[in-house]
**Student:** 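Here you go, one structure.
Predicted model, so just to flag it, every value in this text is computed and none were measured.
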Number of protein chains: 2
Amino acid sequence: MISVIASLSLCALAVYHGNAILACIAYSIAAYFVTLMLIPYWAPSFMGIGLSGSDLNKADRPVIPETMGAVCGIVYLFVLYLFTPSMFYQYIVTETSGGGNRDAGIELIGQSMSSFPHSKLAGYLSGILSLQSMLILGVADDLFDIRWRHKILLPAVAAVPLLIVYYVDFGVTFVMIPPKLQPLVGVSLIDLGIFYYVYMASVTIFCPNAINIFAGVNGLEVGQSVIIGICTIINDLSYISRPDHPAQFSHLMSFYLVLPFLGVSLALLKLNWFPAKVFVGDTYCYMAGMVFAVAGILGHFSKTMLLFFGPQVFNFIYSAPQLFSLIHCPRHRLPRLNEKTGRLEPSRANLKEHPPGTLGMLILHVFEKLHLVKLWRDDKGNVVETSNLTFITLVLVWFGPLREDILCTVLMVVQGAFGLTALGMRHYIAAIAFGSDNL
Amino acid sequence: MISVIASLSLCALAVYHGNAILACIAYSIAAYFVTLMLIPYWAPSFMGIGLSGSDLNKADRPVIPETMGAVCGIVYLFVLYLFTPSMFYQYIVTETSGGGNRDAGIELIGQSMSSFPHSKLAGYLSGILSLQSMLILGVADDLFDIRWRHKILLPAVAAVPLLIVYYVDFGVTFVMIPPKLQPLVGVSLIDLGIFYYVYMASVTIFCPNAINIFAGVNGLEVGQSVIIGICTIINDLSYISRPDHPAQFSHLMSFYLVLPFLGVSLALLKLNWFPAKVFVGDTYCYMAGMVFAVAGILGHFSKTMLLFFGPQVFNFIYSAPQLFSLIHCPRHRLPRLNEKTGRLEPSRANLKEHPPGTLGMLILHVFEKLHLVKLWRDDKGNVVETSNLTFITLVLVWFGPLREDILCTVLMVVQGAFGLTALGMRHYIAAIAFGSDNL
């Protein structure tokens, strides 16, 4: 309680001081403490309406609260609202006489103020609208257990406000062709038109679902989001630190969106870390993915953002043979708990009862050669079981058996290493392709 | 299904035609049919997670789905999103070369377009944000049964985005003093400053709660909202029909917000009308109140809007002696069903077990003289029971017993008569106070 009050006081100080970045940091700290206070306070109510689940990776399978991502989401959105005046503080102050009494505004009644960045405000609000829509649809999914083929499209529905405001307000659908390719194409800009909207919608569908399927171990959903968030912040800071950079405001917008989300996520991570006291729910996964999609789109760096999702992309491609039924896909592909050792082992798909076709078998043999799968054979040498094709299981094949928190740590380290490498490569390759990096 | 497809085709046609008002009408019709289709489709899922209630005003007390206002809310918000481009169609078209390929926008990359009404877009988006927040909090209330002293403030929380964007983007907190009073005050404008925000917050707290406590009869919550909505539309049309009126855009904004809400509300009314197949939930009452509060604030006619809430204001003041415990307030104050006649009779508060104090007794005696209450006495002339102090019960005291649908119709007629009178008086009194009406 003391930390909540202290962090809120810090907010008040930073807001009074008028520095947006300081205010954002203060709000993020406050978001951390408020979330940490609210989750245990609201959790019993969530359990009371059936939002709870059993932790299958523990010997005693305790029943703990589910959908705590909704608490994070509400705190996060509230911070975004409260932060709005700080974000535009410099404009508010220059528009009035400075004393807050706004008498300089009299002549402006009824007409829009000239220098105020209305379009940026509209973009920011459309981002919040999409995030809030995602929260509603995520909670609906947790409440109603929406079917897979429907829920995969929920983020696209939530993205509608973002795309529509983008259409109404900016409508810039050009992409720049790298100078070295320009002679081949003959133009320097290509108008992707409606395909640019298809691309943005795809980003918003991909990010939330990618986080949602890379899940199942205490702390993993939040852990990967925290790592991706830190990579984003590092990338943003490299632009923000250059005052005259044309992309500075875009990256400030991303910074303002991602940092408070890190705040609420770290609080959730503390409670969701092994042994988990709460589950995060699909709500959290969807919200997290949407935060990154919105930050990437509003910050105009969605391609860079997708680089940070490398492990998730790998997980999706690697899972594809099971997702598309070339190889049998059991109902659950979570790691298997060895109750004697307390460690997690790779879970397996039974191939004796569900033998794969020729293509499926070929994939398994190739994967085995590449050490990407573990196969179990009977006395006659026939393949009877395979480790499931998920990145989590693969890490267990390579390094397992592992205790749940060690497994999660390994996966987070991989995520971080990949993100930092991607960041370096992105600026290196951009320097080659475009003649110079845009930093 | 055919009507849904037909109405959606109508939308496509209207949007293609580029007339915002026609598009709004088409979307509202589509919203009606889509809501009518979705409610029966989603209702079983709502019942599955415990969102159902027993209809106490029927002999067999059937259990029917609750919180169907959430379905209305989702359809309504989706319509508001989809409508955004139509609302700003004229600006989008003039900003491009007109063919939709946007090549005229090249030079504008990175800078805000000059004539586009960004501030109006931001206002509209902030309104949607507040409505969406209200939907979330309303559903939370229906799910978790939040305590009265907390839930009464939920609309104020939902209003935060609206007020903050108002602060950031407009910040106009002046009110005009009627010319005849100007000599007394010495100025023509008064800056209410922070009190203007307190006033706006009060409006957003009042409207949703006013509808929420004027409830309990099949069709009443939706019926009163429909009548208030129609009054608002009539008022808006009287401004919209004058092309050069300075308040035209404000009232267009209100029109665009209220008409689709009438669409979803009429669909809900059809299913909630006696004998109700579904309940609307607190979600609907909060959403409805918030729609009117937002329309009033964004349309700058919140004082006129409050006039339409006359019966609700009366209901609140009339209830006050029971709400503030001067007179005993039973847990439920719904009308009482006489199972023999199938009609509703005034419900009563037992004063023998819970005798009121001197002030309470005085109020009751005064009310009895004014025919505002019915008292029951024992053989010795002591008051033992009183009809409950709600407007619904009062109508039953005057005209009852009535069948549930007749009661609701009477209340809706009163609401309509009051609204139209208020509308006439508002323009008449304004003409006197300000020298001329602003029409």
**Student:** Mind checking the CG-CZ spacing from A:L143 to B:F46? Nearest 0.5 Å is all I need.
**Tutor:** 9.0 Å
**Student:** If you tally heavy-atom pairs under 4.5 Å against chain B, which of A:S45, A:S250, A:P161, A:P246 wins?
**Tutor:**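 Most pairs with chain B among the choices: A:P161.
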**Student:** Which residue out of B:W42, B:F144, B:F78 racks up the most heavy-atom pairs below 4.5 Å with chain A?
**Tutor:** B:F144
**Student:** Checking heavy atoms, do the side chain of B:L121, its backbone, both or neither come under 4.5 Å from chain A?
**Tutor:** side chain
**Student:** Please identify each residue that fulfils salt bridge (charged side-chain N to carboxylate O under 4.0 Å, His left out) with B:D142, with sequence neighbours left out.
**Tutor:** none
**Student:** Answer with side chain, backbone, both or neither: which region of B:I49 has an atom nearer than 4.5 Å to a non-hydrogen atom of chain A?
**Tutor:**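 Interface part for B:I49: side chain.
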**Student:** Check whether B:Y124 gets within reach of chain A through its side chain, its backbone, both or neither, counting any heavy atom under 4.5 Å.
**Tutor:**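 Contact with chain A is absent: no heavy atom of B:Y124 under 4.5 Å.
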**Student:** Which bit of B:I128 comes within less than 4.5 Å of chain A, counting heavy atoms only: side chain, backbone, both or neither?
**Tutor:** both
**Student:** Is it the case that atom CG in B:L153 sees more than 12 heavy atoms from other parts of the structure closer than 6.0 Å?
**Tutor:**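 More than 12 heavy atoms, drawn from other residues, nucleotides or ligands, come within 6.0 Å of this atom.
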**Student:** Rounded to the nearest 0.5 Å, how far apart are CE of B:M87 and CD1 of A:I164?
**Tutor:**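 Spacing of CE (B:M87) from CD1 (A:I164) equals 13.0 Å.
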**Student:** List in chain and number order the residues that pass side-chain hydrogen bond (donor to acceptor under 3.5 Å, both in side chains) with B:S302, two or more places apart in sequence or in another chain; answer none if no residue qualifies.
**Tutor:** B:Y199
**Student:** Could you give me the CA-CA distance, side-chain angles and deciding distance for B:T84 and A:Y167, then say whether side chain to side chain donor-acceptor pair (under 3.5 Å) is met?
**Tutor:** CA-CA 10 Å; B:T84 316; A:Y167 171 72; over 6 Å; no
**Student:** Side chain, backbone, both or neither: which part of B:L135 has a non-hydrogen atom closer than 4.5 Å to chain A?
**Tutor:** side chain
**Student:** Considering only heavy atoms, which portion of B:L129 lies under 4.5 Å from any heavy atom of chain A: side chain, backbone, both, or neither?
**Tutor:**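 It is both, since atoms from each part get that close.
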**Student:** Counting only non-hydrogen atoms closer than 4.5 Å, does B:S133 touch chain A with its backbone (N, CA, C, O), its side chain (CB onward), both, or neither?
**Tutor:** both
**Student:** Any heavy-atom pair between the side chains of B:V165 and A:Y81 that's under 4.5 Å?
**Tutor:**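 Not in contact.
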